[in-house]
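In what follows, a single structure is set out as C-alpha cells and then discussed.
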Amino acid sequence: MRSAVTVTLTASAVLAGGLFAGQAYAAPVDPTVTALGGFIMNDGTGTTVYGKAADTRRSTGSTTKIMTAKVVLAQKGLNLDAKVTVDKAYSDYIVAKNASSARLIVGDKVTVRQLLYGLMLPSGCDAAYALADKFGTGSTRAARVKSFIGKMNAEAKNLGMKNTHFDSFDGISNGQNYSTPRDLTKLASSAMKNTTFRTVVGTKTTTQKVTTKSGGYRYMSWTNTNRLLSEYSGTIGVKTGSGPQAKYCLVFAATRNGRTLIGTVLASSSEANRTADVKKLLDHNFKKK
C-alpha cells in the first residue's frame, strides 16, 4: 500500500510540475494570418521575431520596386534633381501591361527625385521604366533596361538574398521574378538606411511641380498605396505589391517605443486581409519584450 501511494504521489507531482512548467514557459501563440509567407525582424538587432514559410520563393509584385529604388539611389554621383524626359514608350508600356501608373505625361521633364515618388507612392510602372532607362547602360532602350535589371540582381547577391531573382524593373514578371519574406525584409532594412528612400516611402501624399514639353509646368499629385501609414501608428514604410500570382504583398516597417520592426507578408488573400495580417503581427510582436 505504501509503495502504491508513493507512486501515485510521485506521478501527481510530475503531472503538476509539468503543467506548471508549461504555463510558465509557454510562448505566446502567433496570430493566424491569411498570408502564405511572412517574416519580421527587430531592425535594431537583426533578431527574427516571426516567420512563416520565410524562405519559400514567391512572386513579389510591386515590392520589386524597393530594389528599383535602391539601385537608383546607389548610383555614384547621383543627382536627384537631374531631369528625365518622359518617353512615349513608358506610357505605351502601361497601356500594354494594364499596369499601375504614376500618370506621367509624354514630353514632360521630371526629376529623378520625382520619379522615385511616382515609383513608390502610386507604384508607377511608368516611373520604374523611366528610371531603368535612365540608369541602365547601353545604346538601346532594351539594352539599358537589361543592364538595369542586371544591377538589381547584382545588388541582391551583394545583400545575401539567396532566394531572390529579378527579371523586371517593376515586378511584372516574365516568369523569373521571385523572392522570399526573409530576403525582402533584408532588402528593405538596407534600403531604409538611405535618407531619401526613407523620406519617400514614409510620405502619405505629395504634389510635385513638373516641367511640361512646352516649357510651362503642371502639378502631379500622388497618394501612397500603403494604407498602414494612415491606419497604424508608428508606420514608417515601405511598399505594397499585388498581382495575379503574387496575390497581395506588403513590406512594412513600424517604430514604437524606440523599437523598429520590419517585415514582409507575401500572398495574402485580399487587400483588406493584407492590412489586417500586418496589423495583427505588429501588435503581437510589439507586445513581446
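Closest approach of Met220 to Arg103, counting heavy atoms only: CE-O, 3.1 Å. Smallest separation of non-hydrogen atoms from Gly138 and Arg144: O-NH1, 3.2 Å. The shortest heavy-atom contact between Ile149 and Ser168 is CD1-CA, 3.7 Å. Among all heavy-atom pairs drawn from Asn224 and Met120, the shortest one is OD1-O, 4.0 Å. Residues Met192 and Val238 approach most closely at SD-CG1, 3.2 Å, considering heavy atoms. Taking both residues in full, the closest heavy atoms of Cys125 and Lys65 are given as SG-NZ, 3.3 Å, listed atom of the first, atom of the second, then distance.
When side chains are defined from C-beta on, Asn79 does not count as touching Val112, because their heavy atoms never get closer than 4.5 Å. Contact of the Thr164 side chain with the Leu159 side chain is not registered, since no non-hydrogen atoms from C-beta on lie closer than 4.5 Å. Put simply, the side chain of Thr34 does not reach to within 4.5 Å of the side chain of Val265, judged on heavy atoms. Residues Asp92 and Asp87 are not in side-chain contact: their nearest non-hydrogen atoms beyond the backbone lie 4.5 Å or more apart. At a threshold of 4.5 Å between non-hydrogen side-chain atoms, the residues Asn153 and Lys157 do not count as touching. Residues Tyr232 and Arg256 are in side-chain contact: their nearest non-hydrogen atoms beyond the backbone lie under 4.5 Å apart. Gln208 places a side-chain heavy atom less than 4.5 Å from the side chain of Trp222.
Of the possible donor and acceptor atoms, one in the side chain of Asp277 sits under 3.5 Å from a partner among the backbone N and O of Ala35. Within the 3.5 Å criterion, the main-chain N or O of Phe169 finds a donor-acceptor partner in the side chain of Thr68. Between the side chain of Gln114 and the backbone N or O of Lys209 there is at least one donor-acceptor pair closer than 3.5 Å. No donor-acceptor distance shorter than 3.5 angstrom exists from the side chain of Asp133 to the backbone of Arg141, with no hydrogens or angles considered. A donor-acceptor distance shorter than 3.5 angstrom exists from the side chain of Thr185 to the backbone of Pro181, with no hydrogens or angles considered. At least one donor-acceptor pair closer than 3.5 Å links the side chain of Asn177 to the backbone N or O of Asp167. Remark: the backbone N or O of Gly160 is paired with a side-chain donor or acceptor of Lys186 at under 3.5 angstrom. In this structure, the side chain of Arg113 does not engage the main chain of Asp81 through any donor-acceptor pair within 3.5 Å. A donor-acceptor pair under 3.5 Å is absent between the side-chain atoms of Ser59 and the main chain of Gln245, judged by distance alone. At least one donor-acceptor pair closer than 3.5 Å links the side chain of Ser173 to the backbone N or O of Gly175.
Annotation: the span from Asn226 atom CG to Thr203 atom OG1 amounts to 11.5 Å, rounded to 0.5 Å. Atoms CG and NZ, from Asn285 and Lys287 in turn, are 10.5 Å apart once rounded to the nearest 0.5 Å. Within the model, atoms NZ of Lys151 and CE of Met67 stand 13.0 Å from one another, a figure rounded to the nearest 0.5 Å. The CG atom of Leu187 sits 7.0 Å away from atom NZ of Lys70, with the distance rounded to the nearest 0.5 Å. The CG atom of Leu121 sits 7.0 Å away from the OG1 atom of Thr206 when rounded to the nearest 0.5 Å. Remark: Asp126 CG to Ile94 CD1 distance equals 4.0 Å, nearest 0.5 Å.
Criterion: ILVMFWY side-chain heavy atoms under 4.5 Å apart, direct or through other members. Under it, Phe197 and Leu228 are not part of a common hydrophobic cluster. No chain of hydrophobic side-chain contacts below 4.5 Å, direct or via other Ile, Leu, Val, Met, Phe, Trp or Tyr residues, connects Leu229 to Val278. The cluster map of Ile, Leu, Val, Met, Phe, Trp and Tyr, joined by side-chain heavy atoms under 4.5 Å apart, puts Ile236 and Val49 in different clusters. Cluster annotation: Tyr248 is not connected to Tyr50 through the hydrophobic network of ILVMFWY side chains, with a link wherever side-chain heavy atoms come within less than 4.5 Å. One hydrophobic cluster holds both Leu261 and Phe252 under the rule that ILVMFWY side chains link at heavy-atom gaps under 4.5 Å.
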May I have the step-by-step check of side-chain contact (heavy atoms from CB on, under 4.5 Å) for Asp183 and Arg57, ending in yes or no?
CA-CA 9 Å; Asp183 277 3; Arg57 296 175 178 180; over 6 Å; no
Under the side-chain contact (heavy atoms from CB on, under 4.5 Å) rule, what do Ser179 and Met161 come out as? Steps first, then yes or no, please.
CA-CA 8 Å; Ser179 189; Met161 298 169 65; 4.2 Å; yes
Can you check side-chain contact (heavy atoms from CB on, under 4.5 Å) on Thr64 and Met152, steps first, answer last?
CA-CA 9 Å; Thr64 297; Met152 293 170 69; 3.8 Å; yes
side-chain contact (heavy atoms from CB on, under 4.5 Å) evaluation trace for Leu73 with Phe135:
CA-CA 10 Å; Leu73 289 167; Phe135 292 102; over 6 Å; no
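Using modelled atom types and a 3.5 Å distance limit, the side chains of Thr207 and Ser221 yield a donor-acceptor pair. Side chain to side chain, Lys239 and Ser123 meet the donor-acceptor criterion of an N or O pair below 3.5 Å. Using a 3.5 Å distance cut-off with no hydrogens or angles, the side chains of Thr225 and Thr240 do pair a donor with an acceptor. Asn163 and Tyr178 share no side-chain donor-acceptor pair at under 3.5 Å. In summary, the side chains of Asp43 and Ser189 do present a donor paired with an acceptor at a separation below 3.5 Å, with no hydrogens or angles considered.
Centroid-to-centroid, the aromatic rings of Tyr129 and Tyr93 come within less than 6.0 Å.
In summary, of the residues considered (Arg218, Lys83, Lys109), a side-chain hydrogen bond (donor to acceptor under 3.5 Å, both in side chains) with Thr211 occurs for Lys83 alone. Thr260 pairs with exactly one of Thr255, Asn42, Thr45 by the side-chain hydrogen bond (donor to acceptor under 3.5 Å, both in side chains) rule, that one being Thr255. Between Leu266 and the choices Thr56, Leu36, Leu184, Thr180, the side-chain contact (heavy atoms from CB on, under 4.5 Å) rule is met once, by Leu184.
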